[in-house]
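Accompanying notes for the structure given below.
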Amino acid sequence: MADQASDRVVIFDTTLRDGEQSPGASMNLVQKLQVAHALKNLGVDIIEAGFPNASPGELEAVRAVARQVEGPVICGLARCERTDIDRAWEALQDAARNRIHVFLATSAIHREFKLRMAKEEILRRAVEGVQRARDYCDDVEFSPEDASRTEPDFLSEVVERTIEAGATTVNIPDTVGYAVPTQYAGLIAHLRRHVRNIDKVVISVHCHNDLGLAVANSLAALQEGARQVECTINGIGERAGNCSLEEVVMAIRTRSDYFQFHTEINTQRLYPTSRLVANVTGIQVQRNKAIVGQNAFAHEAGIHQHGMLMHHSTYEIMRPETVGFSKTNLVLGKHSGRHAFRNQVKEMGYHLDEAELEKVFEAFKALADRKKDIYDADIEALIEGRIQDVPALWEIVDFHISTGTGSLPTAAVRLRHIDGRTVEEAACGDGPVDALFKAIERITDINVSVRDYQVRSVTIGEDAQGEVQVEVEYAGCRHRGHAASTDIIEASARAFLHAINRIAQKVKPTTELADGMRVRS
Ligand code: KIV
Ligand code: ZN
């Protein structure tokens, strides 16, 4: 992997660990595997799959990623505690390439108020943590948490001692997003000047975005010799999030005239991966988000449109295709056959088996009857809506809605259970969607509180599909569902049922289905 003399920047993705710490972003095991496979296809070097000692479920998820995702190094986080490190190794040992990431806070604020430890004790624990991790694994990363607010000389001492103890990567986190670029770059330069043997390890950066500076800080540190960036898809993470992977990667690539380093990311997978993470976490990307926002390549002002027609470089510094942006990719139409469809799906990075392909092809044909132009975003929405992470215990057979001003909105719904029986119910509500949800609740006997409901259009045009995200609460836990259709009432019903199926799977788990679920690879 890269060292400070190399011009290769290692991309360490922590979407599944720090990203998943975003409020409301938790993922189940199947979703984590989906994201891990997508990260592998994107070409990240390291996947931080989780914090194994956080819970038995987390350990299982890290273990599943370690066993099933080959290519990137699979990493697990641990505090400098014996049980954390032991659990991390338990989860990671089956990976073809693995790394244990140990951390301990070093700043005066954390020493005094959180850890109540003196400097000597911090040093001792950090060294012991790294040594224990090294007993298991040759690839060990150490992070002095809150490094950017730690006294530089003490930080240098900690880093030097953990390198002596066997750390192969030292990460310098800006845990609270307090740093500014020149100062953070100065800290990296300070460490390179004062820490013995620092040239023998990889210096990593891990920036939070509280002041909106995570990407700028990361780039500044790379210029001072750091060669690993810790980042997340869509910049999700604690509070204001982490350094955004797509932004840092595209800054390095687009300004290769300025930055003397590169990454091995397959940039065409950026947009599809961003959409997958948005759908799985329910955290949608703002329209004007750099690189992957819906408006990132839209030109509205007449003068810009005129310039673009003359030559795209007048107002465009990156081509949308480079990041896999598909809004303008007209791909298929009503007359496209199974073969063309299969090729398109494959080209978009999905690997579906024949039964899944058939299911999505049927949905595509139905969509083609309703919608003139089909873009890859439409196909993505179809795949992500039909090939779901939980078995469809209940499926919609049909439904009827009656609504209008001055009449009571009513829904009649028929669902089929996986055991073959069909059940019908009707309900009234405040509106058609409410009535529909109530009828579904009656049939499935699962009563929830709707906490969030969002509709957005998948592509441009009057006949665009609407994508619905719904979040419900059941027994104190939140569950999300999503679906797309040209009919937003239908999309709402499917999205709601997706959430209900997730709950049903939890209440009555069918291990056979949980184990047998296929994921995108
Ligand atoms: O922000 C932080 O300091 C972290 C560490 C655990 C690396 O996430
Ligand atoms: Zn962090």
Side-chain angles (χ1 to χ4, degrees), residues 10-23 25-26 44 46-54 58 62 73-81 84-85 87-88 91-92 99-111 113-115 122 125-126 129-130 133 139-150 154-155 158-159 162 167-179 184 187-188 191 201-215 217-218 221 226 228-245 247-248 281 283:
V10 172
I11 298 296
F12 176 114
D13 181 278
T14 183
T15 306
L16 294 174
R17 200 278 297 168
D18 224 348
E20 211 221 3
Q21 287 175 217
S22 310
S26 62
V44 308
I46 298 158
I47 296 176
E48 187 165 51
F51 185 174
N53 201 29
E58 182 82 351
V62 177
V73 172
I74 309 300
C75 174
L77 184 69
R79 289 168 300 182
C80 285
E81 312 263 348
D84 269 34
I85 297 165
R87 287 293 93 74
L92 294 166
R99 169 179 296 187
I100 301 179
H101 176 187
V102 286
F103 76 100
L104 181 63
T106 50
S107 66
I109 298 173
H110 282 237
R111 291 195 312 263
F113 299 111
K114 185 177 90 173
L115 301 171
I122 299 280
R125 286 183 183 235
V130 170
D139 186 348
V140 170
E141 172 169 332
F142 176 73
S143 287
E145 190 189 6
D146 206 16
S148 59
R149 292 194 300 170
T150 301
F154 180 56
L155 183 66
V158 175
V159 169
T162 50
T168 45
T169 297
V170 286
N171 182 39
I172 308 301
D174 181 28
T175 304
V176 290
Y178 183 71
Y184 190 58
L187 183 60
I188 303 296
L191 293 172
V201 302
V202 176
I203 303 177
S204 167
V205 289
H206 177 112
C207 297
H208 279 267
N209 205 30
D210 299 67
L211 294 173
L213 293 171
V215 173
N217 286 336
S218 303
Q228 173 175 291
V229 183
E230 304 202 351
C231 43
T232 60
I233 300 294
N234 299 337
I236 63 169
E238 286 274 14
R239 308 179 308 278
N242 287 57
C243 171
S244 142
L245 183 149
E247 291 179 21
V248 78
T281 59
I283 302 178

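One-based numbering, in listed order, for ligands and for the atoms of each.
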>> Show, in sequence, the C-alpha distance, side-chain angles and deciding distance for His101 and Leu77, and conclude whether the side-chain contact (heavy atoms from CB on, under 4.5 Å) test is met.
In response: CA-CA 5 Å; His101 176 187; Leu77 184 69; 3.4 Å; yes

>> Out of all atoms in ligand 1, which are within 4.0 Å of some heavy atom of Glu145? Include the element for each.
In response: 3 (O)

> Going by the atom numbers of ligand 1, which of them fall below 4.0 Å from some non-hydrogen atom of Ser143?
Replying inline: 7 (C)

>> Could you tell me if Arg111 sits above the aromatic ring of Phe154, with its cationic atom closer than 6.0 Å to the ring centre and no more than 45 degrees from the axis?
In response: yes

>> Just to be sure I read this right, does ligand 1 sit under 4.0 Å from the backbone of His208, its side chain, both, or neither, counting only heavy atoms?
In response: side chain

> Is Ile172 close to Val159 at the side-chain level, that is, under 4.5 Å between some pair of heavy atoms?
Replying inline: yes

> Tell me: protein heavy atom nearest atom 3 (O) of ligand 1, and distance?
Replying inline: Thr175 OG1, 2.6 Å

> Side chains of His206 and Glu141: does their closest heavy-atom pair fall under 4.5 Å?
Replying inline: no

> Should the proximity of Asp18 to ligand 1, defined as any heavy atom under 4.0 Å, be assigned to the side chain, the backbone, both, or neither?
Replying inline: side chain

> Is the closest heavy atom of Glu230 to ligand 1 under 4.0 Å?
Replying inline: no

> Quick one: nearest non-hydrogen protein atom to atom 5 (C) of ligand 1, plus distance?
Replying inline: Arg17 NH2, 4.0 Å

> Counting backbone and side chain alike, does Asp18 bring an N/O/S atom below 2.8 Å of the Zn ion (ligand 2)?
Replying inline: yes

> Do Asp18 and Glu230 come close enough that some side-chain heavy atom pair is under 4.5 Å?
Replying inline: no

> Taking heavy atoms and a distance under 4.0 Å, where does Glu141 meet ligand 1: side chain, backbone, both or neither?
Replying inline: neither

> Side chains of Thr232 and Asn242: do they bring a donor and an acceptor to under 3.5 Å?
Replying inline: no

> Is there a donor-acceptor contact under 3.5 Å linking the side chains of Asn171 and Ser204?
Replying inline: yes

>> Among the N/O/S atoms of His208, which is closest to the Zn ion (ligand 2)? Give the atom name.
In response: NE2

> Closest non-hydrogen protein atom to atom 4 (C) of ligand 1, residue and atom name please, with distance?
Replying inline: His206 NE2, 3.4 Å

> With a 4.5 Å limit on heavy-atom distance, are the side chains of Asp84 and Phe51 in contact?
Replying inline: yes

